[in-house]
Amino acid sequence: MCSTDSSAIRIVGLKKSYISGGSELVIFSGLHLEVARGERLALVGESGAGKSTLLHLAGGLDRPTEGAIYFGQNNICSLPANELAEFRNREVGFVWQIHSLLAEFTALENVMMPLLVRGLGREQAEPVALARLDEVGLQNRASHRAGELSGGEQQRVVLARALVGDPAVLLADEPTGSLDYKTGEMIMGLIEDLHRARRLTSIHVTHNLNFARRADRVVRLERGRLTADLEQGGNHV
């Protein structure tokens, strides 16, 4: 795969396997994928195909068995653990199907968390977090604890938290999977709006093909291989 200046993410020769019962279980091997700056890519495939595994690797939450993952010219697979954690905090925002909010904290405190981890004081982090909550339409719910929010509100808090550190890349794993259709439609519309407004590079894992086909490109992970979705015009992976 050729590198281009327009690439935000390049995945080269990626393999992930586990040792199970004394033998190697290969999730996928030899994967190549290039995501352009500003692109919104949808990743689809059957359950168990390895989509979430690939997303975790792309975000530096796990390390591959083989291969490289480049953000620009930086191979994150070669970073030591402390530098990789700092990279995740500054460069990548994550949205999961299960919202993973801290129940004992307010919406504002949940959104501030990545900035506090970064080393900012509360007086610096709070106005930034409030601005992100306002961006997702929830500034008036800032003082409410996670359990006092609806499912759609919780997912909006997650989105605000993902963007509070001003990342370049947004990774979303089934962000509407636990929501009803109307709420899911609202969340996807919000993600699309924020992607454009913030000029993000985004990868979304989804089973919802209607949502997937609203992306710039759809890629399918099937039987350990990445292929372009033919209904998207056969774009290169």
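Just so you know, residue 1 is the first one in the sequence shown, and it goes up from there.
- Between Q155 and V95 the shortest side-chain heavy-atom distance falls below 4.5 Å.
- Between E153 and L138, the closest side-chain pair of non-hydrogen atoms falls below 4.5 Å.
- Taking CG of N140 as the reference point, atom CG of D134 lies at 9.0 Å (rounded to 0.5 Å).
- When each of T227, L31, L33 is tested with L221 by the rule side chain to side chain contact (heavy atoms under 4.5 Å, CB included), just one qualifies, namely L31.
- The closest donor-acceptor contact from the side chain of R122 to the backbone of M112 lies at 3.5 Å or more, if one exists at all.
- Put simply, the residue from T53, T65, D62 that forms a side chain to side chain donor-acceptor pair (under 3.5 Å) with K16 is D62.
- With rounding to the nearest 0.5 angstrom, the CZ atom of R145 is 7.0 Å from the CD atom of E109.
- With values rounded to the nearest 0.5 angstrom, R196 atom CZ is found 10.5 Å from S202 atom OG.
- Each ring-ring contact (aromatic ring centres under 6.0 Å, His included) pair with one or both residues in residues 62-82, not counting sequence neighbours, appears once here: F71-F87.
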Side-chain donor-acceptor pairs of residues 180-191 under 3.5 Å, sequence neighbours excluded:
unit_1	atom_1	unit_2	atom_2	d
D180	OD1	K182	N	3.1
D180	OD1	T183	N	2.9
D180	OD1	T183	OG1	3.1
D180	OD2	T183	OG1	2.9
Y181	OH	E185	OE1	3.4
E185	OE1	R214	NH1	3.2
E185	OE2	R214	NH1	2.9

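- In this structure, E174 CD and T206 OG1 are separated by 4.5 Å, a value rounded to the nearest 0.5 Å.
- Taking CG of L171 as the start and OG1 of T201 as the end, the distance is 10.0 Å to the nearest 0.5 Å.
- Residues R88 and F94 have side chains in contact (heavy-atom distance under 4.5 Å, counting atoms from C-beta outward).
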Apply side-chain contact (heavy atoms from CB on, under 4.5 Å) to R161 and S100, showing your working. CA-CA 11 Å; R161 183 180 62 185; S100 67; 3.1 Å; yes
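- Residues E91 and V169 fail the side-chain proximity criterion, which asks for heavy atoms closer than 4.5 Å.
- Remark: R132 engages E135 in a side-chain hydrogen bond (donor to acceptor under 3.5 Å, both in side chains) (not counting sequence neighbours).
- Hydrophobic clustering places L57 together with Y18 (ILVMFWY residues linked when any side-chain heavy atoms are closer than 4.5 Å, directly or through intermediates).
- Summarising the geometry, atom CD belonging to E148 is positioned 8.0 Å from atom OG belonging to S143; distances are rounded to the nearest 0.5 Å.
- By the 4.5 Å heavy-atom criterion applied to side chains, V128 and Q124 are not counted as neighbours.
- At a threshold of 4.5 Å between non-hydrogen side-chain atoms, the residues I11 and E34 do not count as touching.
- Each of L133, L163, T106, L130 was compared with V111 under the side chain to side chain contact (heavy atoms under 4.5 Å, CB included) criterion, and only L133 meets it.
- With sequence neighbours left out, the side-chain hydrogen bond (donor to acceptor under 3.5 Å, both in side chains) criterion links S47 to H207.
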Let me see the working for R198 and L170 under side-chain contact (heavy atoms from CB on, under 4.5 Å), right down to the final yes or no. CA-CA 10 Å; R198 292 181 157 273; L170 179 67; over 6 Å; no
For side-chain contact (heavy atoms from CB on, under 4.5 Å), just list the numbers for E46 and R223, CA-CA rounded to whole Å, side-chain angles, deciding distance to a tenth of an Å, and then say yes or no. CA-CA 9 Å; E46 298 294 331; R223 298 179 182 177; over 6 Å; no
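- Applying the salt bridge (charged side-chain N to carboxylate O under 4.0 Å, His left out) rule to E123 yields no partners; only residues at least two apart in sequence or on another chain are considered.
- At least one donor-acceptor pair under 3.5 Å links the side chain of Q154 to the backbone N or O of L149.
- Proximity of V12 to H32: side-chain heavy atoms (C-beta onward) are separated by under 4.5 Å at one or more points.
- A 4.5 Å side-chain heavy-atom check between D173 and K51 finds every atom pair outside the cut-off.
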Take L194 and V136 through the side-chain contact (heavy atoms from CB on, under 4.5 Å) test and state the conclusion after the steps. CA-CA 9 Å; L194 291 169; V136 300; 4.2 Å; yes
Could you go through residues 20-30 and list every donor-acceptor pair under 3.5 Å that involves a side-chain atom there, pairing it with any protein atom two or more places apart or in another chain?
unit_1	atom_1	unit_2	atom_2	d
S23	OG	S20	O	3.1
E24	OE2	K15	NZ	3.1
E24	OE2	S17	OG	2.8

